[in-house]
Amino acid sequence: MIEKEYFNVADIFGENVFNDAVMQERLPKKTYQKLKETIREGKDLDLETADVVAHEMKEWAIEKGATHYTHWFQPLTGVTAEKHDSFITAPRPSGNVLMSFSGKELIKGEPDASSFPSGGLRATFEARGYTTWDCTSPAFVRHDETGAVLCIPTAFCSYKGEALDQKTPLLRSMEAINNQALRLLRLFGNTTSHHVRPSVGVEQEYFIIDREDFLKRKDLMYTGRTLFGAMPPKGQEMDDHYFGTIPARIGALMRDVDKELWKLGVPAKTEHNEVAPGQHELAPIYEEANIAVDHNQLMMETLRRVANRHGLQCLLHEKPFAGVNGSGKHNNWSLVTDDGINMLDPGKTPHENLQFLLVLTCILAAVDDHADLLRESAADVGNDHRLGGAEAPPAIVSVYLGEQLDDVLTQLINTGAATHSISGQKMRTGVSSLPDFMKDATDRNRTSPFAFTGNKFEFRMVGSEDSVGEPNIVLNTIVAEAFSNACDVLEQADNFNVAIHDYIKKLATAHQRIVFNGDGYSEEWVKEAERRGLKNIASMVDAIPALTTEKTIETFEKFHVFNRTELESRSDIEYDTYAKKMNIEAKTMMDMAEKQIIPAVIKYETKLADSINSVKSAVGMVPKTQESLLHKTEDLLNATNEALDQLVQAVLKGMSLSDHKERANYYYEVVSPAMEALRKPVDELEMVVDKELWPMPSYGDMLFEV
């Protein structure tokens, strides 16, 4: 009989978070108020106040079992970073130690800035960098196999103040969108809203396989994806995994993940099987962008750690298995005021809601003007294998609005005024016992990269392993620019009512080309997008240049999110990252082919040849089936050897290139095709060679045996 641990979610939610309730309880009233002013209004926090906060945070953390603290930050590596310091100070003469934690230690840390990606901002000998406390994201105590650690979310910058992380520009972009959104609200007479925050909900997709299988696959261990692998007889074609009954081992994993996330204040909400076998999804409730980005990192870390505890392995790569759906991370984005107004809520009659129509058309303008930059924000080596496939949006950026809003915009463009909105109709199922309900006024479109879904936009391009920091930095900034442009015009208008109608119509007309409600997977759309002048940016290396166009630099510098140097450094980092990841993948393929696959095939050929000779000796004739199989195997082995030689030569040349951009382009144009050429005969060999001799678990083993 299986015994379950029962608990009340309300009792454990946030129990390991130094949240507002804890601060109210433990901090002196004056200290609490000063800290809240810092969080709410961005005021400076004096050292005296920080000392009080640090002391109470330390006492609380020790009560939770913490022995160490760390500044928890997000450098440009794609993962989080931390350095642990214990709370002890120098031993006393009595032999005891004092446990202390100062405001200075809370506010500032000093990791080695030259050892993280900096794109040339930091030379090897320039080691100093700073982490600084982000008090808008609460500290938390993380319990794991290493013990309990107080984690303090921080930003990370160089000695000269350049951003070396995801958090610093994200906070800057949130300030930008707040300032410009408030300007827009004031145009419509709103004087009660004091802050506007981007609200983000991140749907996290992932694969789960048995850890023993994972440890037998060098490609998964080194790169996160299978570099070789033939499809089993069954894949996802029956659609029976999607939303199916959750397997017992996965259910137990999900339960433990939920529990750990809830204790950390992460509002994990929805979980289910995804489309591909072995694939699943976990989605939280919406939060402010800064906290949502932190919580998504915690979610990925928790999935990996808890999976290992269950003898499983969580794969977050965008395309761990060829031939089945890859994994994404849908970034649901909206703008919400401190008094609860969602600026993307169209209301029941959107054609009459001028504020919403202005917000909507500004977003259309932002996405159209900066489509290449938005595409770049989702660019990743792994995502190159996913985007444009049958499970992911195409690499062409477009906006889905649905029938209702598309009709309103068409009215505005054609007549200058919208007079009606399509409304939802009663759903009729034809079954008398089922209750009637009103269906939505518009359908959804899963092929759209940027889709309006009722009161938010869903950016579906983001890869499952990526930080959602960059796409939200871009969204916040480009929409802030569009709001600023609108306010510059409308604030000077003599007749606001006339000006607002004219401006909305102008934007709707100018940016109608970005709106597409059809099938984004179709070849017809690729041709239509080209006719409209929309770019089809297929790869990461083709997307990176968008970071350093004059238009991009002007936009980011205007709102103090990035300066030119920071953008150039990030461009260099991304080229370098692409080349390095591709180099690791190529070398892994070479290693597997030379040390595992080719020896296994030779062993199979020897076994087959011995069998042929045995039959020939016994009956005096060569068995044609076995001989044919031997010839086929030898042909494929020769093709493998030839492709391997080509890949080795390509990698040697690639490694000799020093310029990051040149090397990235070389790996994309030369090494990547060479890798595909090697994979083809190897995958065919897997279908020929005895399973007992094949040196690694198959797709069928990994996808269907958990």
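For reference, positions follow the sequence shown, starting with 1. Computation of the quantities below employed the complete heavy-atom set of this structure, encompassing side-chain atoms and omitting hydrogens, waters and symmetry-equivalent molecules. Computed from a predicted model, the values in this text were never measured in an experiment.
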In sequence, state the C-alpha distance, the side-chain angles, and the governing distance for Arg172 and Glu566, and then conclude on salt bridge (charged side-chain N to carboxylate O under 4.0 Å, His left out). CA-CA 13 Å; Arg172 294 172 182 170; Glu566 289 171 325; 3.2 Å; yes
Step by step, would you call Phe321 with Phe207 a ring-ring contact (aromatic ring centres under 6.0 Å, His included)? CA-CA 10 Å; Phe321 302 101; Phe207 280 83; 5.4 Å; yes
Would you check, one step at a time, whether the test side chain to side chain donor-acceptor pair (under 3.5 Å) holds for Thr552 with Thr555? CA-CA 5 Å; Thr552 294; Thr555 297; over 6 Å; no
With salt bridge (charged side-chain N to carboxylate O under 4.0 Å, His left out) as the test, would you mind laying out the steps for Lys551 and Asp369 before giving the verdict? CA-CA 9 Å; Lys551 182 169 66 173; Asp369 289 341; 5.7 Å; no
Please test Asp368 against His511 for side chain to side chain donor-acceptor pair (under 3.5 Å), starting from the C-alpha separation and ending with a verdict. CA-CA 6 Å; Asp368 191 14; His511 302 286; 2.8 Å; yes
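Taking the six-membered ring where tryptophan is involved, the planes of Phe140 and Trp72 are perpendicular, since the angle between them exceeds 60° and thus also 30°.
In this structure, the side chain of Asn178 engages the main chain of Val196 through a donor-acceptor pair within 3.5 Å. Gln411 places a side-chain N or O within donor-acceptor distance of the main-chain N or O of His420, the cut-off being under 3.5 Å. For Arg532 (side chain) and Arg513 (main-chain N/O), a donor-acceptor pair under 3.5 Å exists by modelled atom type.
No side-chain heavy atom of Glu524 sits under 4.5 Å from any side-chain heavy atom of Val526. Under the 4.5 Å side-chain criterion, counting only non-hydrogen atoms from C-beta, Leu184 is in contact with Gln355. In this structure the side chain of Leu335 never reaches within 4.5 angstrom of the side chain of Asn342, judged on heavy atoms. Looking at Glu271 and Asp258, their side chains come closer than 4.5 Å, going by heavy atoms from C-beta outward. Contact check for Ile473 versus Ser377: no side-chain heavy atoms found under the 4.5 Å cut-off.
In this model, a donor atom of one side chain and an acceptor atom of the other lie less than 3.5 Å apart for Ser539 and Asp542.
Considering Arg142, Arg305, Arg304 in turn, Arg305 is the only one that fulfils the salt bridge (charged side-chain N to carboxylate O under 4.0 Å, His left out) rule with Glu260. Of the listed residues (Asn290, Thr154, Thr168), just one forms a side chain to side chain donor-acceptor pair (under 3.5 Å) with Asp134, and that residue is Asn290. Here the options are Lys319, Gln279, Glu318, the test is side-chain contact (heavy atoms from CB on, under 4.5 Å), and the partner is Ser327; only Gln279 passes.
Stacking of Lys259 on the aromatic ring of Phe7 is recorded, both the 6.0 Å distance cut-off and the 45° axial limit being met.
Aromatic ring centroids of His272 and His241 lie 6.0 Å or more apart.
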